[in-house]
Asks: 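The structure follows.
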Amino acid sequence: MKILIVEDELAGQKLLQLFLKGLGEIEVTGDGESALARFQKTLEAKEPFDLVLLDIMLPQLSGLQVLAGIRSLESSKGIGGLDCVKVIMLTALHDSENIMKSFRLQAEAYISKPIDKEKLLQEIRKLGFSLKSTP
C-alpha cells in the first residue's frame, strides 16, 4: 500500500507514521501545495497513492482544497469511482459544515483529532485495505 500523510504538525506526522508502520510505503508532507504536487507526480508516473490521510487545516491550501485538487487531477486522467484514491480527512474541526464539505468532495472517511490508532486502522479496513505488515 502506498500512503500519503498530509499533516502540518511534526508530532502528528510522527504519530501517524508510527500507527501505519509496516503497512506499506509512506510519504509525508506538511502543506497543501506540496501534497498536490506529490499526488500529481505519482499519478503521472502511474504509481498513484492508495490512501491519503489529509488534515483540513494546512498552510497554503486547506485540506478541502487539496481534496478538490486530487479529485480534479484524477478526473483529468479518466480516473473515477472505485479507482479513485481513498481519502481520510483528519481534523480538530468537529463542525458539520467541514464534515459535509469533505464528503461532498468525495472523502471516504472523517476522523476527529486526537487520532485513535484503533479507530484509524478500523477506517482503513472499512475501505478494503488489508493491514498485513510489509517487510
Side-chain angles (χ1 to χ4, degrees):
M1 178 174 10
K2 192 168 179 179
I3 304 166
L4 176 62
I5 296 171
V6 187
E7 166 64 63
D8 60 323
E9 294 181 17
L10 185 59
Q13 291 175 0
K14 297 294 183 193
L15 186 65
L16 289 167
Q17 286 177 295
L18 183 64
F19 288 172
L20 301 173
K21 185 177 180 178
L23 296 182
E25 179 184 334
I26 299 172
E27 291 188 38
V28 179
T29 186
D31 68 80
E33 286 182 4
S34 64
L36 266 182
R38 281 190 182 184
F39 186 84
Q40 183 173 12
K41 182 180 176 183
T42 63
L43 201 59
E44 289 174 356
K46 299 191 184 328
E47 297 175 355
F49 290 102
D50 300 300
L51 177 65
V52 176
L53 302 181
L54 181 56
D55 189 11
I56 285 185
M57 294 188 297
L58 295 168
Q60 296 158 0
L61 297 175
S62 74
L64 294 171
Q65 290 171 307
V66 172
L67 179 55
I70 284 172
R71 297 305 184 214
S72 178
L73 287 167
E74 288 175 325
S75 179
S76 73
K77 299 283 186 189
I79 300 168
L82 296 176
D83 293 329
C84 289
V85 67
K86 306 299 185 246
V87 178
I88 298 176
M89 302 303 288
L90 308 173
T91 186
L93 302 173
H94 305 286
D95 62 292
S96 59
E97 183 179 341
N98 277 298
I99 294 170
M100 293 308 295
K101 281 182 183 176
S102 296
F103 287 117
R104 275 196 296 272
L105 292 169
Q106 302 171 345
E108 279 75 21
Y110 188 102
I111 299 177
S112 297
K113 292 180 180 179
I115 304 299
D116 175 77
K117 179 181 180 179
E118 289 310 312
K119 183 172 182 174
L120 175 61
L121 296 178
Q122 179 183 358
E123 289 296 332
I124 293 171
R125 277 187 211 96
K126 282 183 190 176
L127 295 175
F129 293 107
S130 169
L131 297 186
K132 295 176 185 168
S133 294
T134 58

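If you're wondering where the values come from, they're calculated on a predicted model, not measured in any experiment. Excluded from the calculations below are hydrogen atoms, water molecules and symmetry mates; all remaining heavy atoms, backbone and side chain alike, are included.
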Asks: Return the set of residues passing side chain to side chain contact (heavy atoms under 4.5 Å, CB included) with Ser112 (not counting sequence neighbours), or none when no residue passes.
Replies: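 Residues passing side chain to side chain contact (heavy atoms under 4.5 Å, CB included) with Ser112: His94, Tyr110.
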Asks: If you take all heavy atoms of Leu61 and Val66, which pair is closest and at what distance?
Replies: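 It is CB-CG2, 4.1 Å.
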Asks: With sequence neighbours excluded, what pairs up with Ala68 under the side chain to side chain contact (heavy atoms under 4.5 Å, CB included) test?
Replies: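 By the side chain to side chain contact (heavy atoms under 4.5 Å, CB included) rule, Ala68 matches Leu105.
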Asks: With a 6.0 Å cut-off (strictly less than), is the heavy-atom count around CG of Leu82, excluding the residue itself, greater than 12?
Replies: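 For Leu82, atom CG is not crowded (no more than 12 foreign heavy atoms under 6.0 Å).
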Asks: How far does CG of Leu18 sit from CD1 of Ile26, to the nearest 0.5 angstrom?
Replies: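 So the CG of Leu18 and the CD1 of Ile26 are separated by 9.5 Å.
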Asks: With a 4.5 Å cut-off on side-chain heavy atoms, are Leu51 and Leu23 touching?
Replies: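 Heavy-atom side-chain distance check fails, nothing below 4.5 Å.
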Asks: Once salt bridge (charged side-chain N to carboxylate O under 4.0 Å, His left out) is applied, what residue pairs with a partner in residues 52-80 remain, sequence neighbours excluded?
Replies: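 Every salt bridge (charged side-chain N to carboxylate O under 4.0 Å, His left out) pair that includes a residue of residues 52-80, provided the two are not neighbours, is Asp55-Lys113, Arg71-Glu74, Arg71-Glu108.
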Asks: Does any non-hydrogen side-chain atom of Leu120 lie less than 4.5 Å from one of Leu20?
Replies: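 Leu20 vs Leu120: side chains touch.
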Asks: Just to verify, what does Asp31 make a side-chain hydrogen bond (donor to acceptor under 3.5 Å, both in side chains) with, not counting sequence neighbours?
Replies: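 Result, side-chain hydrogen bond (donor to acceptor under 3.5 Å, both in side chains) vs Asp31: Ser34.
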Asks: Nearest 0.5 angstrom please: Leu54 CG to Leu90 CG, how far?
Replies: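 The distance works out to 7.5 Å.
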Asks: Looking only at non-hydrogen atoms, find the nearest pair between Gly30 and Leu58 and report the distance.
Replies: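 Looking at all heavy atoms of both residues, the closest pair is O-CD2, 4.2 Å.
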Asks: For side-chain contact (heavy atoms from CB on, under 4.5 Å), just list the numbers for Phe39 and Val85, CA-CA rounded to whole Å, side-chain angles, deciding distance to a tenth of an Å, and then say yes or no.
Replies: CA-CA 10 Å; Phe39 186 84; Val85 67; 3.6 Å; yes
Asks: Would you find a donor on one side and an acceptor on the other, under 3.5 Å apart, between the side chain of Gln40 and the backbone of Ala37?
Replies: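 Side chain of Gln40 to backbone of Ala37, a donor-acceptor pair under 3.5 Å: no, none is there.
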Asks: Decide side-chain contact (heavy atoms from CB on, under 4.5 Å) for Leu4 and Thr42; before the verdict, give the C-alpha distance in whole Å, the side-chain angles of both, and the deciding distance to 0.1 Å.
Replies: CA-CA 11 Å; Leu4 176 62; Thr42 63; over 6 Å; no
Asks: Mind checking whether Met100 and Met89 sit in one hydrophobic cluster, side chains of I, L, V, M, F, W, Y counted as touching below 4.5 Å?
Replies: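 Each belongs to a different hydrophobic cluster.
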Asks: If the condition is side chain to side chain contact (heavy atoms under 4.5 Å, CB included), which residues does Glu9 pass it with, not counting sequence neighbours?
Replies: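 Once residues adjacent in sequence are excluded, the partners of Glu9 under the side chain to side chain contact (heavy atoms under 4.5 Å, CB included) criterion are Glu7.
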Asks: If every non-hydrogen atom of Asp8 is compared with every non-hydrogen atom of Pro59, which pair is closest and at what distance?
Replies: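 In terms of heavy atoms, the two residues are closest at CB-CD, 3.6 Å.
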Asks: Looking at every non-hydrogen atom in both residues, tell me the closest pair between Lys2 and Pro48 and how far apart they are.
Replies: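 It is CD-O, 3.8 Å.
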Asks: I need the Ile70 CD1 to Phe49 CZ distance, nearest 0.5 Å.
Replies: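 With rounding to 0.5 Å, CD1 (Ile70) is 9.0 Å from CZ (Phe49).
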Asks: Go through the structure and list residues passing side chain to side chain contact (heavy atoms under 4.5 Å, CB included) with Ser75, not counting sequence neighbours.
Replies: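 Not a single residue meets the side chain to side chain contact (heavy atoms under 4.5 Å, CB included) criterion with Ser75.
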Asks: Would Leu16 and Ile3 count as a side-chain contact (heavy atoms from CB on, under 4.5 Å) if you check the C-alpha gap in whole Å, the side-chain angles of each, and the deciding distance to 0.1 Å?
Replies: CA-CA 11 Å; Leu16 289 167; Ile3 304 166; over 6 Å; no
Asks: Rounded to the nearest 0.5 Å, what's the gap from CD1 on Ile111 to CD1 on Ile124? Could you check?
Replies: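 It comes to 7.0 Å.
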Asks: Roughly how far, to the nearest 0.5 Å, is CG of Leu67 from OG of Ser102?
Replies: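 If I round to the nearest 0.5 Å, the distance is 7.0 Å.
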Asks: Should Leu36 and Leu73 count as side-chain neighbours, where that means a heavy-atom distance under 4.5 Å?
Replies: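 A side-chain contact under 4.5 Å exists here.
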Asks: Can you name the salt bridge (Lys or Arg N to Asp or Glu O under 4.0 Å) partners of Glu97, sequence neighbours left out?
Replies: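 If we apply the salt bridge (Lys or Arg N to Asp or Glu O under 4.0 Å) test to Glu97, skipping adjacent residues, the hits are Lys101.
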Asks: Please, which pairs that meet salt bridge (charged side-chain N to carboxylate O under 4.0 Å, His left out) have at least one residue in residues 58-67, sequence neighbours excluded?
Replies: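 Not a single pair qualifies under salt bridge (charged side-chain N to carboxylate O under 4.0 Å, His left out).
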Asks: With Lys126, which residues qualify under salt bridge (Lys or Arg N to Asp or Glu O under 4.0 Å), at least two apart?
Replies: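 Partners of Lys126 by the salt bridge (Lys or Arg N to Asp or Glu O under 4.0 Å) criterion, ordered by chain and then number, come out as Glu123.
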Asks: Identify, with sequence neighbours excluded, every residue that meets salt bridge (Lys or Arg N to Asp or Glu O under 4.0 Å) alongside Glu44.
Replies: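 By the salt bridge (Lys or Arg N to Asp or Glu O under 4.0 Å) rule, Glu44 matches no residue at all.
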Asks: Which residues satisfy the salt bridge (Lys or Arg N to Asp or Glu O under 4.0 Å) test with Arg38, sequence neighbours excluded?
Replies: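 By the salt bridge (Lys or Arg N to Asp or Glu O under 4.0 Å) rule, Arg38 matches Glu27.
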Asks: Looking at CG of Leu121 and CG of Asp116, how far apart are the two atoms once the value is rounded to the nearest 0.5 Å?
Replies: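 Here the interatomic distance stands at 9.0 Å.
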